[in-house]
Amino acid sequence: MTNRILLFAGLLALIVFGGLQVASAAPERRVAVVVDASAASDPAVLAEAEAAVEAAGSAAQLRVPRTATEQLSVTHYFAAQGYRLVVGVGLDRDVAVAPVASKYPRTRFVATEPGQIARALAN
């Protein structure tokens with residue numbers, strides 16, 4: 001009887017310990033900032049985006065596409081990779097955001113203005 005109780009207690013401890021390890025290994029929130037090249041031509045906007053991405057951590061990415069087609073490619077890539085938030089500055093909404101947002105409803109797209117990038121990442 002004692003052996004059964006010890007075995008049961010040991011299995012219970014393994015289950016609890018294993019569950020705690022899985023919970024602590026949860027992935028970071030993956031976010032992206034996509035700044036159109038025309039907006040990024042302003043050094044202050046680019047510096048703001050870089051600082052916001054650095055503050056967001058290692059799971060944050062910054063991209064600066066040059067054309068609307070590149071914008072679409074970048075937003076689609078991040079949504080397909082499971083990023084939860086894509087913050088856009090100066091993006092063509094009809095070309096680069098709307099078609100991707102309808103295909104990937106789990107990815108939230110936020111259009112923001114220069115000076116508001118860090119705030120958009122925080123929400």
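Being a predicted model, the structure only gives us computed values, none of them experimental. Throughout, residue positions are numbered sequentially from 1 according to the sequence presented.
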Legend entry - salt bridge (Lys or Arg N to Asp or Glu O under 4.0 Å) contacts in which one or both residues fall within residues 98-123, not counting sequence neighbours: none

Inset, instruction - Go through the structure and list residues passing side-chain contact (heavy atoms from CB on, under 4.5 Å) with Q81, not counting sequence neighbours. - result: R30, Y77, Y83

Legend entry - Residue pair P114 / V45: nearest heavy atoms and the distance that separates them: CB-CG2, 3.6 Å

Legend entry - Over all atoms of both residues, closest heavy-atom pair of A96 and A68: CB-O, 4.4 Å

Legend entry - Non-hydrogen side-chain atoms of V86 and T107 separated by less than 4.5 Å: yes

Inset, instruction - Working to the nearest 0.5 Å, report the span between CG of L85 and CG of N123. - result: 9.0 Å

Legend entry - Check: Q116 main-chain N/O paired with E48 side-chain donor or acceptor under 3.5 Å: yes

Inset, instruction - Would you please test V87 and V31 for side-chain contact (heavy atoms from CB on, under 4.5 Å) and show each step? - result: CA-CA 8 Å; V87 174; V31 297; over 6 Å; no

Legend entry - Residue pairs passing the ring pair (Phe, Tyr, Trp, His ring centres under 6.0 Å) test where at least one lies in residues 38-61, sequence neighbours excluded: none

Inset, instruction - For Q61 and A32, indicate whether the former's side chain and the latter's backbone hold a donor-acceptor pair under 3.5 Å. - result: no

Inset, instruction - Kindly work out whether a path of hydrophobic side-chain contacts (I/L/V/M/F/W/Y, heavy atoms less than 4.5 Å apart) joins I117 to V53. - result: yes

Inset, instruction - Could you pull out the closest heavy-atom pair between P99 and L72, with the gap in Å? - result: CG-CD1, 4.5 Å

Legend entry - Closest approach of P65 to D36 (non-hydrogen atoms, all atoms of both residues): O-OD1, 3.7 Å

Legend entry - Joint hydrophobic cluster, V89 plus V110, side-chain heavy atoms closer than 4.5 Å: yes

Legend entry - Shortest non-hydrogen separation from V64 to A37 and the atoms involved: CG1-CA, 3.7 Å

Inset, instruction - For residues L62 and A49, report the shortest heavy-atom separation together with the two atoms involved. - result: CD1-CB, 3.9 Å

Legend entry - Residue pairs involving residues 69-84 (criterion salt bridge (Lys or Arg N to Asp or Glu O under 4.0 Å); sequence neighbours excluded): R66-E70

Legend entry - Qualifying salt bridge (Lys or Arg N to Asp or Glu O under 4.0 Å) pairs, either residue in residues 86-100, two or more places apart: none

Legend entry - Shared hydrophobic cluster, V97 / V74 (ILVMFWY, side-chain heavy atoms < 4.5 Å): yes

Legend entry - ring pair (Phe, Tyr, Trp, His ring centres under 6.0 Å) contacts touching residues 87-123 (sequence neighbours left out): H76-Y104

